[in-house]
There are 2 protein chains.
Amino acid sequence: MARVAPAQVNQSLVNGLTCLQELVLADRPIGVRELARQLDMDPTRVSRLLGTLSWLGLASQDEDRKYHPGPAVHVLSALSLHGSRLLSDSLPVLRELAAETGQIVALGVLWRSHVCYLYHGKAHTPLELAVGARGPFPARQSSIGRVLLAQLTAAELADLCAHESDLLPPEGVPAFYESLSQVRERGYSRGGIHGESLAVAVGCPAVAALAVAGSIDPEQEVQLADRLREAAARIHIGKSPDDV
Amino acid sequence: MARVAPAQVNQSLVNGLTCLQELVLADRPIGVRELARQLDMDPTRVSRLLGTLSWLGLASQDEDRKYHPGPAVHVLSALSLHGSRLLSDSLPVLRELAAETGQIVALGVLWRSHVCYLYHGKAHTPLELAVGARGPFPARQSSIGRVLLAQLTAAELADLCAHESDLLPPEGVPAFYESLSQVRERGYSRGGIHGESLAVAVGCPAVAALAVAGSIDPEQEVQLADRLREAAARIHIGKSPDDV
DNA sequence: TCGCAGTGTTGCTATATATGCAACACTAGC
DNA sequence: GCTAGTGTTGCATATATAGCAACACTGCGA
């Protein structure tokens with residue numbers, strides 16, 4: 001997952017996309033200075049970038065002058081849904097798995113210290129509640145988050161922990177690293193508040209993770225993990241259209 | 001839909017997002033110079049911007065050094081799907097309408113000279129084929145495109161036509177403007193290769209459009225348009241979470 | 001095999017633009 | 001009315017970006 005930096009990284013683009021991502025995931029309108037504090041960025045810069053996003057329709061201001069996603073985010077979601085194909089490619093697998101297990105099935109990606117869900121629901125969960133309806137969840141408490149964190153190199157994990165202090169758990173850093181090491185070994189992770197979910201990575205290199213959540217019989221754990229891995233293998237990541 | 005330009009628009013961000021959008025919608029990997037020609041941008045700039053997107057994981061190169069969407073586009077689709085909520089909010093309406101009419105139902109947004117679909121399918125179309133599976137379609141041939149173009153001001157439409165030459169139809173500009181004027185008057189549009197679809201705008205101001213396609217009895221046209229408008233009114237656009 | 005035409009990337013440097021300071025306008029609460 | 005917060009702006013300037021030119025690479029045709 002480590003990428004070679006090009007000769008010149010365009011910082012404005014990096015900063016602007018950072019603002020956009022934060023804005024889109026905020027669960028309420030956010031002010032310029034608040035966002036600047038969150039991102040440790042100068043408020044003028046943030047104001048300028050949000051102004052540009054607003055001009056593009058990707059942001060919009062309310063009557064309190066706070067920013068929230070604008071109309072062009074609908075366009076962005078249509079574009080990226082098509083460009084990613086992950087949701088459409090995985091839906092059959094997800095629905096089948098949900099029907100088979102009778103449990104909640106989830107597909108999520110890691111975004112900073114959180115997991116963002118593309119899908120989260122049971123077999124008969126209405127689609128509008130299963131797709132795009134949940135907000136971000138802390139990665140370290142999520143089986144999806146833990147299995148994705150376990151795929152990172154030590155350097156990547158250290159870098160992420162350095163930037164995301166809320167990723168560091170109460171039990172301390174060494175124990176955290178050790179538990180991720182165990183996840184790596186087993187090939188699956190447990191998560192949820194009471195360990196009620198189980199996840200495996202999707203894609204090689206991993207770009208998402210697939211989880212089942214609900215009542216998991218400890219004796220069936222390994223079997224379920226195998227089943228999930230089988231399902232994950234059926235989800236194609238970023239294949240060219242010629243593969244269809 | 002006209003937006004006030006902020007004091008200082010960040011051009012790098014605008015250019016970078018333009019590259020990203022084009023990349024995500026390309027139906028095959030695209031080269032730097034090809035994209036530069038399409039966007040009428042200097043190739044070095046495009047190379048630099050794509051390099052930055054690649055560094056962020058939003059782009060990736062194949063063995064021919066051409067660029068295609070990278071793993072972070074999955075994250076972007078999860079983020080924007082959540083931020084937009086348009087797909088999740090409209091799914092019940094779409095599926096109900098599809099069941100009721102027995103026809104194809106579509107929800108799309110206008111992106112440059114094309115329509116991009118969030119949803120396109122019949123009542124029993126598998127979700128993986130209905131969501132995010134279709135690529136862009138020329139706006140002027142689409143009922144969704146025409147009804148959305150009809151919502152633009154004269155200035156906006158002129159600006160768009162100036163930038164998107166493929167938007168200009170064979171019958172000429174005045175006739176095009178006149179037909180859009182009629183769409184505006186009627187409150188719905190016909191589209192498709194043989195006029196086999198009918199669409200109304202969603203949202204005020206319009207951010208998307210809802211269409212039915214298939215066999216449309218001309219005598220039921222007005223009635224169907226009313227039904228579509230009723231359905232469109234049930235799709236909430238960009239409400240704050242407090243409205244849920 | 002060589003030459004050509006296309007490709008993507010880079011170092012370098014000039015300059016256009018992004019940045020941040022400071023000022024302003026606005027809002028809410030005491 | 002004052003204070004503390006807010007978002008935005010003009011201005012000047014530092015610097016990040018942009019483009020030139022060179023390089024490495026690839027595929028095709030003679």
Side-chain angles (χ1 to χ4, degrees), chain A residues 2-24 26-70 240 242, chain B residues 2-24 26-70 240 242:
Chain A
R3 295 170 201 118
V4 183
Q8 285 181 22
V9 175
N10 186 308
Q11 289 302 324
S12 280
L13 180 53
V14 173
N15 293 330
L17 283 168
T18 299
C19 289
L20 176 60
Q21 289 174 330
E22 205 75 21
L23 180 70
V24 161
D27 53 10
R28 64 196 148 70
I30 189 163
V32 167
R33 292 183 192 233
E34 188 182 347
L35 185 55
R37 283 192 299 268
Q38 279 186 26
L39 299 176
D40 193 31
M41 245 191 240
D42 184 84
T44 309
R45 183 194 288 180
V46 170
S47 176
R48 294 267 158 73
L49 292 171
L50 287 179
T52 298
L53 292 174
S54 192
W55 190 57
L56 293 171
L58 289 164
S60 195
Q61 270 176 301
D62 65 14
E63 58 284 343
D64 296 323
R65 300 181 302 173
K66 289 175 187 292
Y67 283 91
H68 57 78
S240 69
D242 296 332
Chain B
R3 297 174 198 114
V4 182
Q8 290 179 19
V9 174
N10 187 307
Q11 290 301 325
S12 280
L13 180 54
V14 173
N15 294 331
L17 283 169
T18 300
C19 288
L20 176 61
Q21 289 174 330
E22 205 75 22
L23 180 70
V24 159
D27 53 10
R28 62 194 151 73
I30 189 163
V32 166
R33 292 185 192 231
E34 188 182 348
L35 185 56
R37 282 193 299 270
Q38 279 186 25
L39 299 177
D40 193 31
M41 244 191 241
D42 184 85
T44 309
R45 181 192 289 182
V46 171
S47 177
R48 294 264 155 77
L49 292 172
L50 287 178
T52 298
L53 292 174
S54 192
W55 190 57
L56 293 171
L58 289 164
S60 195
Q61 271 176 301
D62 65 14
E63 59 284 340
D64 295 324
R65 300 179 304 172
K66 290 174 188 289
Y67 285 89
H68 57 80
S240 68
D242 297 329

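So you know, we letter chains A, B, ... as the sequences are listed, proteins then strands, and number each from 1.
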Student: When we call it a touch if two heavy atoms are under 4.0 Å apart, what does A/Val9 touch: a base, just sugar-phosphate, or nothing?
Tutor: sugar-phosphate

Student: Would a 4.5 Å heavy-atom cut-off, applied to side chains only, mark A/Leu58 and A/Leu23 as touching?
Tutor: no

Student: Any side-chain heavy atom of A/Val46 sitting closer than 4.5 Å to one from A/Met41?
Tutor: yes

Student: Looking at side-chain heavy atoms only, is the closest gap between A/Pro29 and A/Asp64 below 4.5 Å?
Tutor: no

Student: Kindly give the heavy-atom pair with the smallest separation between B/Cys19 and B/Leu53, and that separation in Å.
Tutor: CB-CD1, 4.3 Å

Student: Taking the nucleotide of DNA chain D with the closest heavy atom to each, which residue, A/Gly51 or B/Glu63, is nearer the 5' end?
Tutor: A/Gly51

Student: For a quick check of understanding: with a heavy-atom distance under 4.0 Å over all strands, which category does A/Val46 fall into, base, sugar-phosphate or nothing?
Tutor: nothing

Student: Using the closest heavy atom to pick a nucleotide of DNA chain C for each, name whichever of A/Pro6 or A/Asp64 lands nearer the 5' end.
Tutor: A/Pro6

Student: Provide a list of protein-nucleic acid N or O atom pairs under 3.5 angstrom, restricted to nucleotides 18-21 of chain D.
Tutor:
residue : atom : partner : partner atom : Å
D/dA18  : N7   : A/Gln8  : OE1          : 3.4
D/dA18  : N6   : A/Gln8  : NE2          : 2.9
D/dG19  : O6   : B/Arg48 : NH1          : 2.9

Student: Which residue, B/Arg37 or B/Leu13, contacts DNA chain C at a nucleotide closer to its 5' end, judged by nearest heavy atom?
Tutor: B/Arg37

Student: Closer than 3.5 angstrom, by distance alone: can the side chain of B/Ser12 be matched with the main-chain N or O of A/Ser12 as a donor-acceptor pair?
Tutor: no

Student: So A/Trp55 and B/Val14, do their side chains get closer than 4.5 Å, heavy atoms only?
Tutor: yes

Student: Can you name the closest pair of heavy atoms from B/Gln38 and B/Ile30 and give their distance?
Tutor: NE2-CD1, 3.4 Å

Student: Which two nucleotides bound the region of DNA chain C that has atoms under 4.0 Å from heavy atoms of chain B, read 5' to 3'?
Tutor: C/dT7 to C/dT19

Student: Can you measure B/Trp55 atom CH2 to D/dT17 atom C1' for me and round it to whole angstrom units?
Tutor: 16 Å

Student: Is the shortest side-chain heavy-atom distance between A/Leu13 and B/Asn15 below 4.5 Å?
Tutor: no

Student: Closer to the 5' end of DNA chain D via nearest nucleotide, is it A/Tyr67 or B/Arg65?
Tutor: A/Tyr67

